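Contents: one structure, followed by commentary.
Treat the numbers as computed from the prediction; the structure is a model and nothing was measured.
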Amino acid sequence: MIQKLQRQFIFYATLAVIILMALLLIPINAVNYISEKNEIQNELKYIANNDGELPHVSLEDYLKNLQDKSSSSVSSSSSYAVSGLGSSSEQSGAVSDQSGAASGQSDTASVQSGASSGQSGTASDQSGASTSEKDPSSGSTNTSGKDGTAKNAGSGSSSESSSASADLIFRIKIFLQKLSGKSGSNEEQNLDLTPESNYQLRYFSVIFDEDDNITSLKSDHISSLTEDEIRSMASRTIKALRTDGVLVNNGMYYSFYRQATSDGGTIIVFMDTTSAFRSLSAFANYSFIFGIICTIAFLIIVTLISRKVVQPIAKNIESQKQFITNAGHELKTPLAVISANAEVLEMMEGKNEWTTSIRNQVVRLTGLVNNLIRLAKMQETSLDKPSDVNISAAAKETADSYRTIIEQKGKHLETNIAENLHVMGDPMALPELINILVDNATKYCDENGTVTISLKPKGRGKGMHLTVTNTYAEGSSVNYDRFFDRFYREDTSHNSKKSGYGIGLSMASQIVENNHGKIYVTYAKPDISFHVVL
């Protein structure tokens, strides 16, 4: 039992981790792919808007873009920052410092001037600090300078925190723009173009006239393609009538984008994106390997701790089984005494309705105790060495034994049993399984209804499919999920006139489980069917 619970626990825990890893890694890879694709498309659009050429970005323009981004970052924080975190003058100072840094890289004189001004300011601060320490004429210490310094330090710390939050918000905003494919108001700034972009991006452009004839080729930024190959790729693309996509040529990937020109023609820009797609593929592979490693590690950990996790549950189940077995054996003795006393009374005073009732209830209770003990033993044992069972002969024998009983109740029995069908299983339990299902069908079949026993091979391989069907017009409102629960009966008051203990189907389910099969219920008005697949 504990091994079975361990296997179930390990299976479901591992399945949960696999689902979790899939829910985590698939969106990450999807977002990575969409972001990269939109960035490539924005670059192609930008080149197409500039007549098929990527404008050169100077160092000064690049630094200015950085300054504009910083300014946008600071200004965007004003709607999120809490009042008092930082003053506008400090933010302005931060921008001015960045501006000074940028202009310092482009103009040495400005740097020197800023440095000399900084030195002057430093001297002035030092002078102010020395005069604020003590006033000789009054004999008292002036701490206003120190308080101001402390206030400035606290204000600077708050300003740094606000600036960091603003930068994070700005970066998220840019990422969402890239993910959605929106370039924003300044394409060049959002593309993150640098002075080296002209040498990093490998692209070419082709311009067509109104009749789709090539009028211009711009291939200065590509070296792996000949002019004929470029014309061939352009012709394939212009015929495809697609706005964007990917072409494969000699194992290399070329993303393209087409748009109309002002004179009624068409411009198509191609870019070598082989390295980008390979990076995406590598990221997907690594994330897949990471998921497998995490799953294996989790499986090992769960396997090591599973016994301790399920041990209390298994112990509780075993205790219940042991209680049923012990209680059953203890009840047999008083039941035997009651039965013997009833017989003595009948011998002394003759049979009457009271002794008859006592004997009937003793027989019923004895049968219930025996069935409970058998069910408990079934759950404790497993089928280690299955034997060959002639299931056709067992089904025919059960049908013949119930035919008279069914017909005496005004019902009908129909059989459709395959000849000489054999399965591997428990030779004692499988005939009992058929007996339980036919007995159940006989009890609950409607008046003038039909009980049908069908036995046929399972598909093309070895095995069987047993179906026991009976007429049951009221079956549409029955909860079939509970049919195999112990002591379950449709009549919740348990006052049904039909004989039985409510554990027959539980025993059938346990027999099927021990023989590694499957049992289930179907209903097609007015018939209810029990299916067993082994």
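Ser306 and Gln6 share a donor-acceptor pair across their side chains, judged by distance under 3.5 Å alone. Side-chain polar atoms of Asn32 and Glu36 form no donor-acceptor pair below 3.5 angstrom. When only modelled atom types and interatomic distance are considered, Asp228 and Thr226 share no side-chain donor-acceptor pair under 3.5 Å.
Partners of Tyr520 under the ring pair (Phe, Tyr, Trp, His ring centres under 6.0 Å) rule, at least two apart in sequence or in another chain, are His531. Partners of Phe208 by ring pair (Phe, Tyr, Trp, His ring centres under 6.0 Å), not counting sequence neighbours: none found. By the side-chain contact (heavy atoms from CB on, under 4.5 Å) test, Asn285 is found to be paired with Ser281, residues two or more places apart in sequence or in another chain being considered. Listed by chain and residue number, Ile19 satisfy the side-chain contact (heavy atoms from CB on, under 4.5 Å) test with Leu23 (two or more places apart in sequence, or in another chain). By the side-chain contact (heavy atoms from CB on, under 4.5 Å) test, Leu20 pairs with no residue at all, sequence neighbours left out.
Residue Asp426 comes nearest to Pro431 through the heavy atom pair O-CD, 4.3 Å, listed as atom of the first residue, atom of the second, then distance. Taking all atoms of both residues into account, the shortest heavy-atom contact from Ser392 to Ala418 is OG-O, 2.6 Å. Closest heavy-atom contact between Asp388 and His422: OD2-ND1, 2.8 Å. Between Phe256 and Arg242 the shortest heavy-atom distance is CE1-O, 3.9 Å. Taking each heavy atom of Ala473 and Tyr523 in turn, the nearest pair found is O-OH, 3.1 Å. Scanning both residues, Met271 and Leu44, for their nearest heavy atoms gives CB-CD2, 3.6 Å.
With respect to Phe270, the side chain to side chain contact (heavy atoms under 4.5 Å, CB included) criterion is satisfied by exactly one of Asn249, Ile222, Thr237: Thr237.
Atom CZ of residue Phe530 and atom CG of residue Leu466 lie 11.5 Å apart, to the nearest 0.5 angstrom.
Judged by distance alone, the side chain of Thr442 and the main-chain N or O of Val438 form a donor-acceptor pair under 3.5 Å. Between the Ser509 side chain and the Leu505 main chain, no donor and acceptor come within less than 3.5 Å of each other. Under a 3.5 Å cut-off, the side chain of Thr303 and the backbone N or O of Leu299 do form a donor-acceptor pair.
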Distance-only donor-acceptor hits, side chain of residues 341-349, under 3.5 Å, sequence neighbours excluded:
unit_1, atom_1, unit_2, atom_2, d
Asn341, ND2, Val337, O, 3.3
Glu343, OE2, Arg359, NH1, 3.4
Glu346, OE2, Thr355, OG1, 3.4

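Using a 4.5 Å cut-off on side-chain heavy atoms (C-beta onward), Asn29 and Phe283 make contact. A 4.5 Å side-chain heavy-atom check between Glu229 and Asn250 finds at least one atom pair inside the cut-off.
Salt bridge annotation for Lys443-Asp439: present, with a cationic side-chain nitrogen under 4.0 angstrom from a carboxylate oxygen.
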